Amino acid sequence: MTQAHVSVQTQDSAQARHNASATIAISLTVNGRAVSAVVEPRTLLVQFLREALDLTGTHVGCDTSQCGACVVHLDGEAVKSCTTLAVQADGRAVTTIEGLAQGTTLHPMQEAFREHHGLQCGFCTPGMIMSAVDLVARFGPGLDEPTIRDNLDGNLCRCTGYHNIVRAITAGAQAMGAPRDLAAE
Amino acid sequence: MFAFTYQRPEALSDAVGALAADGEAKLLAGGQTLLPTLKQRLAQPSALVDLSRIPGLVGITRTAEGLAIGAMTRHVEVASSPVVREVIPALADLAGGIGDVAVRNRGTLGGSLANDDPTADYPAAVLALNAIVVTDRREIPAGDYFRGLFETALEEGEIITRVDFPQVECAAYMKFRNPASRYAMAGVFVAKTAAEVRVAVTGAGQSGVFLWTEAGEALTSDFSPQVLDTLTPDPDELMSDLHGSAAYRAQLVKVMAQRAVEKAAR
Ligand code: FES
Ligand code: FES
């Protein structure tokens, strides 16, 4: 069990108009690893992941809850880590994009994005993939294009025009549903 | 964000106590509106009181009259609930159309109602269905609850615990989303009981959600989209902004209402 003791200090903490921010101890699981930390209550989950744990795969695209680049799983469900406090993840399990691959073997959804050119600059990709994996968990591996498009309305991409993302998710979903020995072929 | 302290009470009475002890404290439900507000420094609470660990605030129950839904029940739970789908399917549809998937996984019924954003979806359902907002101290009928933009009948420190939705003969919700923000520019919830039809409008009114009584009366005598052909809500009461004029919104309300009637009648 790894214990990472970190205190996240935000830039504007010095200018805070009042010093209400007693720090608070939290313990959670991140990508299967137990983590304990002391954070300010206002620390966002994304800030905690990126700045305290160095898990910089989770991106901040907008910071206004619209783009979905920051999507991670909280107890298996897609959430915007820019719109969740680190303290709200206390006692819970977080999975980030770094938690999907098995060693050097990409997760089937990651592999599908690579294979189908589901990314260009790659900025939106971590959120896209986390949302896609959540989608498969909810709708099963056979999900159709309208379902994918409909459920991706919280993930914005400035590059691809979405077609290849939808193709990648269709293929990734099928690969996730395939029996393991076949998927490994 | 300005700094704040954080409390996570495990009993409703402790949450009530925390709010009573500190007038600057705010409740944290799903945080999908509150956290963006704090990030923009539009509010500066001294403390956040997180309701997520208080038992009894989550869940959907079939009651004799309809449904009782706990205030901390998330949109995703309402959208995917077989009980809601069976008793008031329009409510499941509405919840499934709020924000996006990630927002629905966090946002709650009580949070939406306490905030009372003029473009929020739930207020239209609560008003059209004539639901009852239950708090730690009383029951507030929908007609008394909504008081204007971000204004409700809630007193200082009052906490919504659940909402009781009566079952109706049929209902439907239709909204026209702002193409950029995806918030409702006009959302219309139509609910029909044996006695009357109620039409509630969100997203368009100058002072938040409202009942379009003229349409309700017309639909009570003839529940068909055509009876609304000659009716339009008064544009003087509607919002006008860069996204659309009041007259445009009035037209949207009419069309959404007609589509809702059509869907409800199916
Ligand atoms: S950074 Fe979280 S939604 Fe854009
Ligand atoms: S690949 Fe560039 S934002 Fe999506």
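The model shown is predicted, which means the values in this text are computed figures rather than measured ones. Note: hydrogens, waters and symmetry copies are ignored here, and every other heavy atom, side chains too, is used.
Annotation for A/Val72 and A/Ser81: closest pair CG2-CB, 3.9 Å, computed over non-hydrogen atoms. Heavy-atom minimum distance, A/Asn31 versus A/Thr95: OD1-CA, 3.3 Å.
If you measure heavy-atom distances from A/Asp63 to chain B, the contacts under 4.5 Å come from both the backbone and the side chain. Within the 4.5 angstrom heavy-atom criterion, only side-chain atoms of B/Leu28, from C-beta onward, approach chain A. Contacts between A/Thr84 and chain B at a heavy-atom distance below 4.5 Å involve backbone atoms as well as side-chain atoms. Interface residue A/Leu44: only side-chain heavy atoms are found under 4.5 Å from chain B. When heavy atoms are compared at a cutoff of 4.5 Å, A/Asp134 approaches chain B solely by way of its side chain, counted from C-beta outward. Only the side chain of A/Leu74 comes within contact range of chain B, judged by heavy atoms closer than 4.5 Å. Using a 4.5 Å cut-off between heavy atoms, B/Leu34 makes no contact with chain A at all.
The side chain to side chain donor-acceptor pair (under 3.5 Å) test with A/Glu77 is passed by exactly one of B/Arg74, B/Arg104, B/Arg106: B/Arg74.
In terms of heavy-atom pairs under 4.5 Å with chain B, the best-connected choice from A/Asp150, A/Thr83, A/Val71 is A/Thr83. Ranked by non-hydrogen atom pairs under 4.5 Å with chain B, the options A/Leu85, A/Ile24, A/Asn155 are led by A/Leu85. If you tally non-hydrogen atom pairs under 4.5 Å between each of A/Leu135, A/Asp153, A/Val87, A/Leu152 and chain B, the highest count goes to A/Val87.
Relative orientation of the B/His75 and B/Tyr122 rings is tilted, given thresholds of 30° and 60° on the angle between their planes.
Under 4.0 Å is where a charged nitrogen must lie from a carboxylate oxygen, and between B/Asp100 and B/Arg182 no such pair does.
Using modelled atom types, one side-chain atom of A/Ser131 and one backbone atom of A/Gly127 make a donor-acceptor pair closer than 3.5 Å. Side chain of B/Arg8 to backbone of B/Arg53: no donor-acceptor contact under 3.5 angstrom is found.
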